[in-house]
Undergrad: 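Provided herewith is a single structure, encoded as structure tokens, for subsequent inquiry.
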Amino acid sequence: MGNKKMMKAYMGLWGVIAVVYGLWMSLFMGWDKYPYIIPTEADMALPAEEFIAKFDGMLYEPLFSSPVVYWIWVAASTALLLLYAVFIRKILFADKLTKATTVFCAVNLIAGFAFITWYGFLSFPEQFGNILTDVTASMLGLRYPWYFRIWGVLASLSIFTNTLYMYRKNNYEGKAGVIVTSLGCAAIFVTVNVPSAGLDLVMTARCLSHWATALIFAFLGAAGVIIFLLHKFKQKDKKYMIATIVFVAVLVLMLVLLVTVGKSAFIENLPMWVAYALLFIINFTSFFDKKGIKAKAKETVKV
């Protein structure tokens, strides 16, 4: 498939994603459909287990202050999803990687790393226990719904644009990688609109949409990076082989910790921190570069 046809296919994919998301937000979500309760002083004195049992799955703050705010968010987030098609055109299919593109990708990568780290260690009611083992990103979203949305948008934007930049810089023709990264980074837009749904809400549309899209983001977002690393692994590039082993090992470690320790923002952030570090080193340093790669990256590529 030629460059123009492939670009149109990618842009069409993001058009479909934006339409589906807009319909979901308009027809399914509703502007403030979910109940919320604010802990009282007596609630704050409850033991951790009782506090979690009572409040997990209930919003501490309203999702939106009014219908107007809701529809502004729907319009803005849908428009942002459409912009992802523009990012594909500007990064993968532009005649060359411009300085502006490089700065844009570097800035949002650093901003994404900084925000998810800060967000993961936000102060929270002590009743939730140890922040390293008990508080998840979506549980924080119960108390800080707008921070949760910013967390999702920045994580999605930074991973997406920098995965594309990594492909372009290395002249990697990764159609599967672009598709899975697109689907993964779109999924988090659903997740952040439905903060933590507690165990009482299992098998409801709210809970399933939250968990399913969070898992899609985690696995497909990582898959876009892993697909590229495996490509380099097959070429027996020693540095990339080590990077592949380390990244996969961190993902396995996260799964082990989730099973043995439990879910937490700290554990959830482990693979994201490693992904950010890896993308920064590949994209903005010469550590992995081979002679002549920069010159090649400036040429038009076929993806």
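Throughout, numbering of the chain's residues begins at 1 and tracks the sequence.
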Undergrad: Treat each ILVMFWY residue as a node, draw an edge where side-chain heavy atoms are under 4.5 Å apart, and state whether Leu253 and Leu278 are in one component.
TA: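 Hydrophobic grouping puts Leu253 with Leu278.
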Undergrad: Table please: side-chain donor-acceptor pairs of residues 13-20 below 3.5 Å, with sequence neighbours left out.
TA:
unit_1 : atom_1 : unit_2 : atom_2 : d
Trp14  : NE1    : Ser182 : OG     : 3.1

Undergrad: State, yes or no, whether a side-chain contact exists between Met166 and Phe228 at a heavy-atom distance under 4.5 Å.
TA: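 In contact.
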Undergrad: Is there a chain of hydrophobic side chains (I, L, V, M, F, W, Y, each step under 4.5 Å between heavy atoms) that links Leu230 to Tyr167?
TA: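 Leu230 and Tyr167: one cluster.
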Undergrad: Looking at every heavy atom in both Cys105 and Tyr165, which two are closest together, and how far apart are they?
TA: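 Where Cys105 meets Tyr165 most closely, the heavy atoms are SG-CD1, 3.7 Å.
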Undergrad: Excluding sequence neighbours, so at least two apart, what forms ring pair (Phe, Tyr, Trp, His ring centres under 6.0 Å) with Phe280?
TA: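 Phe280 satisfies ring pair (Phe, Tyr, Trp, His ring centres under 6.0 Å) with Phe284 once adjacent residues are dropped.
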Undergrad: Between NZ of Lys239 and CD1 of Ile281, what distance do you get to the nearest 0.5 Å?
TA: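 Between atom NZ of Lys239 and atom CD1 of Ile281 there are 10.5 Å.
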Undergrad: Please check: side-chain N/O of Ser77 versus main-chain N/O of Val74, any donor-acceptor pairing under 3.5 Å?
TA: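 Checked: pair present.
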Undergrad: For Ala222 and Phe247, work out which heavy atoms get closest and say how close.
TA: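 So the minimum-distance heavy-atom pair works out to O-CE2, 4.1 Å.
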Undergrad: Please find the pair of heavy atoms, one from His210 and one from Thr191, that lie closest to each other, and give the distance.
TA: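 Where His210 meets Thr191 most closely, the heavy atoms are ND1-O, 3.6 Å.
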Undergrad: Within the structure provided, determine whether Phe189 and Met25 are in side-chain contact (heavy-atom separation under 4.5 Å).
TA: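 Sidechains of Met25 and Phe189: no contact.
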Undergrad: Check the orientation of Tyr172 and His231. Use parallel for under 30°, tilted for 30 to 60°, and perpendicular for over 60°.
TA: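 The rings of Tyr172 and His231 sit tilted, inter-plane angle from 30° to 60°.
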Undergrad: Looking at NZ of Lys8 and CE of Met6, how far apart are the two atoms once the value is rounded to the nearest 0.5 Å?
TA: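 With rounding to 0.5 Å, NZ (Lys8) is 13.0 Å from CE (Met6).
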Undergrad: Roughly how far apart are Thr244 OG1 and Leu229 CG, rounded to 0.5 Å?
TA: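 These two atoms lie 4.0 Å from each other.
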Undergrad: Is Leu82 isolated, or which residues cluster with it under the ILVMFWY side-chain rule of less than 4.5 Å, directly or via members?
TA: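 Other cluster members: none.
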Undergrad: Which residue pairs pass the side-chain hydrogen bond (donor to acceptor under 3.5 Å, both in side chains) test with at least one member in residues 109-118, sequence neighbours excluded?
TA: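 Listed by first then second residue: Thr117-Trp273.
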Undergrad: When rounded to the nearest 0.5 angstrom, what is the spacing between CG in Leu251 and CG in Leu270?
TA: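 Those atoms lie 10.0 Å apart.
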Undergrad: Using every non-hydrogen atom in the two residues, find where Ser158 and Gly112 come nearest and quote the distance to one decimal.
TA: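 Minimum heavy-atom separation between Ser158 and Gly112: OG-CA, 4.1 Å.
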Undergrad: Kindly compute the distance separating CH2 (Trp146) from CD1 (Ile150), expressed to the nearest 0.5 Å.
TA: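 Trp146 atom CH2 to Ile150 atom CD1 measures 8.5 Å (nearest 0.5 Å).
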Undergrad: Using the rule that two of Ile, Leu, Val, Met, Phe, Trp, Tyr join whenever any of their side-chain heavy atoms come within less than 4.5 Å, decide whether Phe115 and Leu279 are in one cluster.
TA: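 Yes, because Phe115 and Leu279 connect within a single hydrophobic cluster, where side-chain heavy atoms sit under 4.5 Å apart.
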Undergrad: Lys99 versus Val103: any side-chain heavy-atom pair under 4.5 Å?
TA: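 Yes, at least one pair of side-chain atoms sits under 4.5 Å.
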Undergrad: Supply the atom-to-atom distance Asn283 CG to Lys169 NZ, rounded to the nearest 0.5 angstrom.
TA: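 One finds 6.0 Å between CG of Asn283 and NZ of Lys169.
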Undergrad: Counting C-beta onward and ignoring hydrogens, is there a side-chain heavy-atom pair between Tyr276 and Ile110 closer than 4.5 Å?
TA: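 Of all side-chain heavy-atom pairs linking Ile110 with Tyr276, none is under 4.5 Å.
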Undergrad: With distance as the sole criterion, is a donor-acceptor pair present between the side chains of Thr78 and Tyr21 under 3.5 Å?
TA: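 Tyr21 and Thr78 do not have a side-chain donor-acceptor pair below 3.5 Å.
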Undergrad: Checking side-chain polar atoms at under 3.5 Å, does Asn193 have a donor or acceptor matched by the opposite partner on Trp73?
TA: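 Distance-only check passes for Asn193 and Trp73.
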Undergrad: Enumerate, atom names and distances included, each donor-acceptor pair closer than 3.5 Å involving a side-chain atom of residues 214-221, sequence neighbours excluded.
TA:
none

Undergrad: Is there a side-chain contact between Val225 and Thr163 in this structure, where contact means two heavy atoms from C-beta onward sitting under 4.5 Å apart?
TA: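 Counting from C-beta outward, Val225 and Thr163 do come under 4.5 Å.
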Undergrad: Can you find a heavy atom in the side chain of Leu109 that is under 4.5 Å from one in the side chain of Phe113?
TA: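 SC-SC contact between Leu109 and Phe113 ruled out.
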Undergrad: Just list the side-chain donor-acceptor pairs under 3.5 Å for residues 83-94, sequence neighbours left out, or say none.
TA:
unit_1 : atom_1 : unit_2 : atom_2 : d
Tyr84  : OH     : Ser156 : OG     : 2.8
Tyr84  : OH     : Leu157 : N      : 3.2

Undergrad: Kindly indicate whether the side chain of Val178, heavy atoms from C-beta on, has any atom under 4.5 Å from the side chain of Thr181.
TA: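 In short, these two side chains do not touch, never coming nearer than 4.5 Å.
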Undergrad: I want to check something: taking the side chain as every heavy atom from C-beta on, are Leu154 and Asn108 in contact at a cut-off of under 4.5 Å?
TA: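 No. Closest side-chain heavy atoms not under 4.5 Å.
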Undergrad: Are Leu97 and Phe104 grouped together when hydrophobic residues (ILVMFWY) are joined by side-chain heavy atoms under 4.5 angstrom apart?
TA: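 Yes.
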Undergrad: Please say yes or no: joined through hydrophobic side-chain contacts below 4.5 Å, possibly via intermediate residues, are Phe287 and Ile245 part of one cluster?
TA: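 No; tracing contacts between hydrophobic side chains, which count when under 4.5 Å, never links both residues.
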